[in-house]
Amino acid sequence: QVQLVESGGGLVQAGGSLRLSCAASGRTFSRNGMGWFRQAPGKAREFVAAISWRGSSTYYADSVKGRFTISRDNAKNTVYLQMNTLRPEDAALYYCVASTKVIPGRLSYEYDYWGQGTQVTVSS
């Protein structure tokens, strides 16, 4: 059974940083694109970032570009999301996702596996 387990969420002040991690188990994801989505209460789920299977290509939502960085360690089957200069509007439940595509896009249906999410709260 495929599992994606997120960690690293928490409460941070505006302007602060957090690093999310996502450990994949059940199969290797070295040839799969991975990414992050988020959903705030009362809002639609939105794309945050994605990374190709080799890590050579990355994609970001305009709202996080320049502040967030996605990376991966295929030897550890882990993907990371470094979040800097956090804003109150970044507060959400963050989901780790994995795709059978080597270079996935920004649409949720492109991702086949979803984690349970990790909560990020940003105080103003």
Side-chain angles (χ1 to χ4, degrees):
Q1 186 175 357
V2 174
Q3 285 191 327
L4 299 174
V5 180
E6 305 96 334
S7 61
L11 172 63
V12 64
Q13 287 188 332
S17 298
L18 281 175
R19 188 195 195 202
L20 306 184
S21 298
C22 172
S25 62
R27 58 169 289 177
T28 58
F29 283 88
S30 60
R31 291 190 61 82
N32 294 86
M34 298 186 74
W36 294 90
F37 280 72
R38 68 186 182 186
Q39 188 167 20
K43 294 188 177 180
R45 186 167 52 191
E46 64 174 350
F47 169 80
V48 176
I51 187 167
S52 61
W53 71 283
R54 284 184 172 178
S56 56
S57 297
T58 56
Y59 309 91
Y60 298 94
D62 288 343
S63 59
V64 306
K65 198 172 296 183
R67 299 187 297 121
F68 290 12
T69 302
I70 188 170
S71 61
R72 66 189 294 163
D73 184 340
N74 287 342
K76 297 181 178 179
N77 261 10
T78 301
V79 65
Y80 306 96
L81 185 68
Q82 178 67 44
M83 306 186 295
N84 298 328
T85 320
L86 282 161
R87 303 168 179 168
E89 56 264 38
D90 294 318
L93 188 63
Y94 281 71
Y95 296 94
C96 175
V97 293
S99 175
T100 55
K101 295 182 177 182
V102 295
I103 306 178
R106 303 167 183 262
L107 303 176
S108 59
Y109 68 77
E110 297 182 77
Y111 296 88
D112 306 276
Y113 305 102
W114 292 72
Q116 293 299 307
T118 185
Q119 184 68 45
V120 172
T121 304
V122 184
S123 63
S124 56

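Given the structure is predicted, the values throughout are model-derived calculations rather than measurements.
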Charged N to carboxylate O below 4.0 Å: is that the case for R87 and D90?
-> no
Is Q39 atom CD crowded by more than 12 heavy atoms from other residues, nucleotides or ligands, each under 6.0 Å away?
-> yes
Can you tell me if E110 uses its side chain to pair, donor with acceptor, with the backbone of G105 under 3.5 Å?
-> yes
In Å, rounded to the nearest 0.5 Å, how long is the span from CZ of R38 to CG of L93?
-> 12.0 Å
Is there a donor-acceptor contact under 3.5 Å linking the side chains of S99 and N32?
-> no
Determine the minimum heavy-atom distance between A91 and A40, stating which atoms define it.
-> O-CB, 3.6 Å
Please answer whether the main-chain N or O of R54 pairs with a side-chain N or O of S56 as donor and acceptor at a distance below 3.5 Å.
-> no
For the atom pair OG1 (T69) and OH (Y80), what is the distance rounded to the nearest 0.5 Å?
-> 14.0 Å
So OG of S25 and CG of L4: to nearest 0.5 Å the spacing works out to 7.5 Å
So do the side chains of M83 and R67 get within less than 4.5 Å of each other, counting heavy atoms only?
-> no
From CE (M34) to CG (L81), nearest 0.5 Å | 12.0 Å
Which value, rounded to the nearest 0.5 Å, describes the distance between Y60 atom OH and R106 atom CZ?
-> 11.0 Å
For S52 and I103, the nearest pair of non-hydrogen atoms, with its separation, is CB-CG1, 3.9 Å
According to the interplanar angle, ranging from 0 to 90°, do the rings of W114 and Y95 count as parallel (below 30°), tilted (30 to 60°) or perpendicular (above 60°)?
-> perpendicular
SG-CD distance between C22 and E6, expressed to the nearest 0.5 angstrom = 5.5 Å
Grab the two heavy atoms, one from S57 and one from Y59, that are nearest each other, plus how far apart they are.
-> CB-OH, 3.7 Å
Got more than 12 heavy atoms from elsewhere within 6.0 Å of NZ, K65?
-> yes
Closest heavy-atom pair and its distance - V12, L18 = CG1-CD1, 4.0 Å
What closest approach, in Å, do S17 and Q82 show between heavy atoms, and which atom pair accounts for it?
-> CB-NE2, 4.0 Å
Taking every non-hydrogen atom, the tightest pair across C96 and V79 | SG-CG1, 3.7 Å
Are F37 and Y111 an aromatic pair by the rule of ring centers under 6.0 Å?
-> yes
